[in-house]
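What follows is one structure encoded as structure tokens, with my remarks underneath.
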Amino acid sequence: MDHKHRVQLNDGHFMPVLGFGTYAPAEVPKSEAEEATKLAINAGFRHIDGAYVYKNEEEVGRAMRSKIADGTVKREDIFYTSKLWLTFLRPELVRPALERSLKKLQLDYVDLYIMHFPTALKPGEDIFPKDEHGKCIFDTVDLRATWEALEKCKDAGLTKSIGVSNFNHKQLERILNKPGLKYKPVCNQVECHPYLNQRKLLDFCKSKDIVLVAYSALGSQREKKWVDQNSPVLLDNPVLCDIAKKHKRTPGLIALRYQIQRGVVVLAKSFNERRIRENMQVFEFQLTSEDMKALDGVNLNVRYFRTEFTIGHPEYPFTEEY
């Protein structure tokens, strides 16, 4: 991936437009994340998307460091994102959480640190703190105070850029309108694919010079724990498949290319070597404006990840239209 495949963020840093996702279901051995991250870097991926909650930052960090050690890449060639988990949204917990991730990664800084969700959960070691009825225990935090703590992490050099994930436009507005705002969020990472194309949120973000980063761009791994098994399978969509045939590419590549041409940074998650390499072909072809129009027409506003554990939280983001 060369320099033309990067987007400049509102703080001056650059983010590669194609990223490699490192999330894996619990039953996948952690060593697979390490192997896959090495394969991704070998294939040309320079943007690695991780998170504290994925519980594999040690392995992903090891993979990145081994590719730096063997001369494949320099640290500054890699763009690594980590995410602040929901139990650490209280301002005083933000920096220690980032430092914990850095320690696992064995890195001096991350390139991007983002709030994973706007819905705070009870602080503590439990990732999903639950009451006796099995319901998640919520916490109330002023997201603007959390944001100030993120700004301090940037000033301290622990992260180059700061952003958010799974925020709706009203929550973004609240940060943007905060008195004494020092840094705007550089991005909002959200679920985005042809069945949920996020047109309104994308237009809003573009108007504020915030990059929209797409997760589940290939329609999610349909993990039973998170995803309604009756939801349509994105990569079986006939429009996607027809366009794929026409270009002699896979439906997955069409879904990735669609995002890049709309100005969206797209994450691709695969631990399969052939597909990891194939995903790099996204830069080898272009969709026509007819293709783009046809793909825009596929939108159903289908959300694979409804993150039910936070429904009912005052900051639950998905009750808003965008």
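Everything numeric here is computed off the predicted structure, so don't read it as measured data.
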Fill in: Side chain Asp291, main chain Thr288, donor-acceptor under 3.5 Å
yes
Fill in: NZ or CZ of Arg303 within 45° of Phe318 ring axis and under 6.0 Å
yes
Item to complete: Under the ring pair (Phe, Tyr, Trp, His ring centres under 6.0 Å) rule, collect the residues that match up with Phe271, sequence neighbours excluded.
Response: none
Practice prompt. Can you sort out the partners of Lys103 under salt bridge (charged side-chain N to carboxylate O under 4.0 Å, His left out), two or more places apart, ordered by chain and number?
Written response: none
Worksheet entry | Side-chain donor/acceptor of Arg257 to backbone N/O of Val282, under 3.5 Å | yes
Worksheet item: Are any side-chain N or O atoms of Lys269 and backbone N or O atoms of Tyr23, one a donor and one an acceptor, separated by less than 3.5 Å?
Response: yes
Practice prompt. Applying salt bridge (charged side-chain N to carboxylate O under 4.0 Å, His left out), name anything that partners Asp11, two or more places apart in sequence or on another chain.
Written response: Lys154
Discussion item. Donor-acceptor pair, distance only, cut-off 3.5 Å: does the side chain of His313 make one with the backbone of Ala120?
Written reply: yes
Worksheet entry | Side chains of Glu57 and Tyr80, donor plus acceptor under 3.5 Å | yes
Item to complete: Give the intermediate values and the outcome of ring pair (Phe, Tyr, Trp, His ring centres under 6.0 Å) for residues Phe14 and Phe79.
Response: CA-CA 9 Å; Phe14 288 87; Phe79 186 101; over 10 Å; no
Worksheet entry | Side-chain donor-acceptor contact under 3.5 Å, Glu191 with Ser216 | no
Item to complete: Provide the full list of side-chain hydrogen bond (donor to acceptor under 3.5 Å, both in side chains) pairs with a residue in residues 32-43, sequence neighbours left out, each pair given once.
Response: Glu34-Arg62, Asn42-Lys67
Worksheet item: Does the side chain of Tyr322 come under 3.5 Å of the side chain of Asp203 through a donor N or O and an acceptor N or O?
Response: no
Response to the item:
Contacts satisfying ring pair (Phe, Tyr, Trp, His ring centres under 6.0 Å) that involve residues 242-262 (not counting sequence neighbours) are His247-Phe285
Fill in: Test log, rule side chain to side chain donor-acceptor pair (under 3.5 Å), inputs Asn166 and Tyr316
CA-CA 9 Å; Asn166 298 300; Tyr316 182 73; over 6 Å; no
Fill in: Residues in side chain to side chain donor-acceptor pair (under 3.5 Å) contact with Gln189, at least two apart in sequence or another chain
Asp49
Item to complete: Using the test side chain to side chain donor-acceptor pair (under 3.5 Å), find all partners of Asn299 that sit at least two apart in sequence or belong to another chain.
Response: Asn301
Item to complete: Could you verify whether a donor N or O on one side chain and an acceptor N or O on the other, from Arg174 and Gln171, lie under 3.5 Å apart?
Response: no
Practice prompt. Please list all pairs passing the side-chain hydrogen bond (donor to acceptor under 3.5 Å, both in side chains) test where one or both residues lie in residues 108-122, with sequence neighbours left out.
Written response: Arg75-Asp111
Worksheet item: Between Asn177 (side chain) and Glu173 (backbone), is there a donor-acceptor pair under 3.5 Å?
Response: yes
Just list the side-chain donor-acceptor pairs under 3.5 Å for residues 234-242, sequence neighbours left out, or say none.
residue, atom, partner, partner atom, Å
Asn237, OD1, Val239, N, 2.9
Asn237, OD1, Leu240, N, 3.0
Asn237, ND2, Tyr195, OH, 3.0

Discussion item. Using the rule given for ring pair (Phe, Tyr, Trp, His ring centres under 6.0 Å), can you reason through Phe20 versus His47, listing the C-alpha separation, both sets of side-chain angles and the distance that settles it, and then say yes or no?
Written reply: CA-CA 6 Å; Phe20 178 73; His47 173 173; over 10 Å; no
Practice prompt. Indicate whether the side chain of Tyr52 and that of Lys104 have a donor and an acceptor atom separated by less than 3.5 Å.
Written response: no
Discussion item. Applying the side-chain contact (heavy atoms from CB on, under 4.5 Å) criterion to Phe117, which one of Leu86, Leu84, Val164 satisfies it?
Written reply: Leu86
Worksheet item: Are any side-chain N or O atoms of Asn168 and backbone N or O atoms of Pro317, one a donor and one an acceptor, separated by less than 3.5 Å?
Response: yes
Discussion item. Checking side-chain polar atoms at under 3.5 Å, does Ser270 have a donor or acceptor matched by the opposite partner on Asn272?
Written reply: no
Worksheet entry | Lys/Arg-Asp/Glu bridge criterion (N-O < 4.0 Å) met for Asp209, Lys184 | no
Discussion item. Under the criterion salt bridge (Lys or Arg N to Asp or Glu O under 4.0 Å), I'd like the reasoning laid out for Glu125 against Arg100: C-alpha separation, chi angles, the key distance, then a yes or no.
Written reply: CA-CA 12 Å; Glu125 286 307 298; Arg100 189 189 289 197; 3.1 Å; yes
Donor-acceptor pairs under 3.5 Å, side chain of residues 126-133 to any protein atom, not counting sequence neighbours: which ones?
residue, atom, partner, partner atom, Å
Asp131, OD1, His133, N, 2.8
Asp131, OD1, Gly134, N, 3.1
Asp131, OD1, Lys135, N, 2.9

Worksheet item: Is a salt bridge present between Glu284 and Arg249, judged by a nitrogen-to-oxygen distance below 4.0 Å?
Response: yes
Practice prompt. Go through the steps for Arg306 and Glu308 under the test salt bridge (Lys or Arg N to Asp or Glu O under 4.0 Å), then give the verdict.
Written response: CA-CA 5 Å; Arg306 290 197 302 268; Glu308 261 136 24; 2.8 Å; yes
Worksheet item: Which residues pass the salt bridge (charged side-chain N to carboxylate O under 4.0 Å, His left out) test with Asp142, sequence neighbours left out?
Response: Arg144
Worksheet item: What is the distance from atom CG of Leu212 to atom CZ of Phe204, rounded to the nearest 0.5 Å?
Response: 11.5 Å
Fill in: Side-chain donor or acceptor of Trp147 paired with backbone N/O of Leu176 under 3.5 Å
no
Discussion item. Strictly distance-based, threshold 3.5 Å: is any side-chain N or O of Asn188 a donor or acceptor partner for the main-chain N or O of Val213?
Written reply: no
Discussion item. Applying salt bridge (Lys or Arg N to Asp or Glu O under 4.0 Å) to Lys170 and Glu320, what does each step give before you reach the verdict?
Written reply: CA-CA 8 Å; Lys170 288 193 170 161; Glu320 284 296 320; 3.3 Å; yes
Practice prompt. Could you tell me which residues satisfy salt bridge (charged side-chain N to carboxylate O under 4.0 Å, His left out) with Glu278, sequence neighbours excluded, listed by chain and number?
Written response: Arg274
Item to complete: Using atom types as modelled and distance alone, determine if a side-chain donor or acceptor of Glu148 lies under 3.5 Å from a backbone N or O of Gly180.
Response: no
Discussion item. Using a 3.5 Å distance criterion without hydrogens, assess whether the side chain of Asn197 forms a donor-acceptor pair with backbone atoms of Pro194.
Written reply: no
